[in-house]
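This report concerns only the one structure given below.
One is the number of the first residue; the rest follow in order along the sequence. Remember, it's a predicted structure, so these values are computed and weren't measured experimentally. Computation of the quantities below employed the complete heavy-atom set of this structure, encompassing side-chain atoms and omitting hydrogens, waters and symmetry-equivalent molecules.
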Amino acid sequence: MVDVTSQMSVQTAAAAKPSARRYYVLGLLTIIYALNFLDRTIFNVLIEPIKKEFALSDTMMGLLAGFGFALFYSLLGIPIARVADRLNRRNIVALAFAFWSAMTALCGAATSLTSLALARIGVGIGESAGSPASQSIVADLFAKNERPRALGIYAIGTYLGVFLGYFVGGYVNQHYGWRMAFYVAGLPGILLAVVLWLTISEPKRGAMQESFVPEPLGPTLRFLVSQQSFIIVLIGFCLTTYTNYATAAWIPPFLARVHHLSSVEIGTYAGTFKGLAGMAGTLLGGFVVAQVSRRDDRWKLWAPAITSGLAGPVFALCMLTQDFKMMVAMLALTSFLVGFHLGPIFAIAQTVAKPSMRALASALIALTATCFGQGVGPLAVGMVNDALKGSYGTEAVRYSLLSAAVTTTLGALLFIWAARSIRADIDRVAA
């Protein structure tokens, strides 16, 4: 059972921490996370001009947008996260941020498919170190019941980055070309990495628990695997992340091919109705779940399950409707519903893991989801685009994206299943 005295002492410790300082760190890490997604998203906005310049197929663009990035992200993320569970996380985030920002800028200097692919791999290598260490820092600044809210704020970086990526990519590409768009996206991150290095310090590890005991990799993995809710959530998050990344990569080509929008119009519509709606859903999800789960931890998963389940049919309507205004409205609603679950799911990874395991738990969630979601999602849609092109022409992308409606519905069912064991798994952490 949970030690009530221990929980009260944790809450007191949380309240004693200077609030402004905690939220400064959270805000800065959220901005960095947003630039993480800006650097990913801007490639998606530039799929059409890059495809034209290098004469590539949709399958190859899917590889560059997804699997080429996700492979090295996944391979390196777990060992880097293991280092982050032991060494200075502030330094890891700062160095990784500077590296992936520089690699993003180098995408703009690519002169061939090979050099572009290598730069994209570099972005993936850098970003593999950023989020697990950042989430571990946040978990040491906020207590268990505060984490859905705190990580909901952090998770809005996903859609803030999407919003900025669509707008910056669309505008700069139309007026200055796709190469300049990569320079504009990447170079400011190097300066902000210096700001991070100079203005925040490493928090005490395990500060929201009574004790912190480092454990070897073997027992750490055995404990995480034994947490049933963690494993089921991991699989469910892979499916909902497929929806996020498949739509992030192929909504811009969908708007160009099916609705014949210009680059600036794509940035405006996709940025506003996908990016801003996603931010609203993510922020609301963190705050709502932080409140409703105080009496019953199962709401940490019931609420994401409800919104993810609703997102499936809404997105199907978005793809199938012929009415432009209806499509835009359904795109916004889908982004809101899918975004709702991000903060709570990030919080689950931190809550059902011991303090010495948090970066690794976050890495396992993020890396498997990225490998499947970003690795498989854009590639699968691109391959189906090429297969259907002969029959449906430019409309093929409309039908290939319907797979994203299926995956988010399946993810919702798994979140409901995971809720059955979450209370017991939280008790095991506190034992």
Side-chain angles (χ1 to χ4, degrees), residues 1-3 6-7 10-11 14 77-78 81-82 84-85 131-152 154-155 205-215 217-238 240-241 285-286 289-290 292-305 308 341-369 411 414-431:
M1 298 293 294
V2 177
D3 186 342
S6 172
Q7 284 193 334
V10 166
Q11 297 294 339
I78 291 177
R82 192 61 181 161
D85 275 330
S131 188
S134 294
Q135 290 184 41
S136 179
I137 290 173
V138 172
D140 280 335
L141 296 176
F142 296 89
K144 184 192 77 170
N145 286 329
E146 297 179 299
R147 282 181 205 138
R149 181 178 68 248
L151 286 166
Y154 174 80
R205 201 180 297 269
M208 292 295 105
Q209 303 286 138
E210 278 197 316
S211 62
F212 170 78
V213 181
E215 296 189 46
L217 180 60
T220 296
L221 289 174
R222 283 195 294 273
F223 180 85
L224 291 176
V225 170
S226 71
Q227 296 286 75
Q228 186 177 20
S229 62
F230 178 81
I231 298 300
I232 300 171
V233 164
L234 187 150
I235 299 169
F237 195 49
C238 284
T240 57
T241 304
V289 173
V292 300
S293 64
R294 288 182 181 275
R295 292 186 177 181
D296 192 332
D297 284 313
R298 289 176 293 183
W299 277 106
K300 289 181 170 68
L301 288 167
W302 283 342
S308 297
H341 82 298
L342 291 178
I345 296 303
F346 288 164
I348 290 295
Q350 301 300 311
T351 301
V352 301
K354 295 179 181 180
S356 61
M357 307 172 181
R358 284 176 179 158
L360 183 61
S362 174
L364 287 169
I365 288 280
L367 298 179
T368 54
L414 286 169
F415 294 154
I416 293 173
W417 184 15
R420 298 173 60 186
S421 56
I422 187 173
R423 291 188 295 187
D425 289 343
I426 290 174
D427 286 346
R428 290 184 67 211
V429 172

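Taking OG1 of Thr220 as the reference point, atom CE of Met357 lies at 4.5 Å (rounded to 0.5 Å). Residue His341 holds its NE2 atom at 4.5 Å from CZ of Phe415, rounded to the nearest 0.5 Å. Rounding to the nearest 0.5 Å places CD1 of Ile416 at 12.5 Å from CZ of Arg298. Taking CG from Leu234 and OG from Ser229, the interatomic distance works out to 11.0 Å, rounded to the nearest 0.5 Å.
Not counting sequence neighbours, Asp425 has no partner by the salt bridge (charged side-chain N to carboxylate O under 4.0 Å, His left out) test. Judged as a side-chain hydrogen bond (donor to acceptor under 3.5 Å, both in side chains), and not counting sequence neighbours, Thr241 has no contacts.
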One pair to check against side-chain contact (heavy atoms from CB on, under 4.5 Å): Ile345 and Leu301. What are the steps and the verdict?
CA-CA 8 Å; Ile345 296 303; Leu301 288 167; 3.8 Å; yes
As a quick check of understanding, evaluate side-chain contact (heavy atoms from CB on, under 4.5 Å) for Asp296 and Trp302, giving each step before the final call.
CA-CA 10 Å; Asp296 192 332; Trp302 283 342; 4.1 Å; yes
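Formation of a donor-acceptor pair under 3.5 Å by the Gln228 side chain with backbone atoms of Ser421 is not found in this model. Of the possible donor and acceptor atoms, one in the side chain of Arg147 sits under 3.5 Å from a partner among the backbone N and O of Phe142. When atom types are taken as modelled, the side chain of Ser308 and the backbone of Ala305 share no donor-acceptor pair closer than 3.5 angstrom. Put simply, the side chain of Glu146 gets close to the backbone of Ala143: a donor and an acceptor are under 3.5 Å apart.
Considering only heavy atoms from C-beta on, Phe230 stays 4.5 Å or farther from Thr351 through its side chain. Proximity of Leu414 to Val233: side-chain heavy atoms (C-beta onward) are nowhere separated by under 4.5 Å. Using a 4.5 Å heavy-atom cutoff, the side chains of Phe223 and Val429 are in contact. The closest side-chain heavy-atom distance from Val352 to Ile426 is below 4.5 Å. Using a 4.5 Å cut-off on side-chain heavy atoms (C-beta onward), Leu342 and Thr240 make no contact.
For the residue pair Ala349 and Ala361, the shortest heavy atom distance occurs at O-CB, 3.4 Å. Heavy-atom minimum distance, Gln135 versus Leu151: CG-CD2, 4.1 Å. What you find for Trp299 and Ser293 is that their closest heavy atoms are CB-CA, 4.0 Å.
The closest side-chain donor-acceptor pair between Arg428 and Ser226 falls under 3.5 angstrom.
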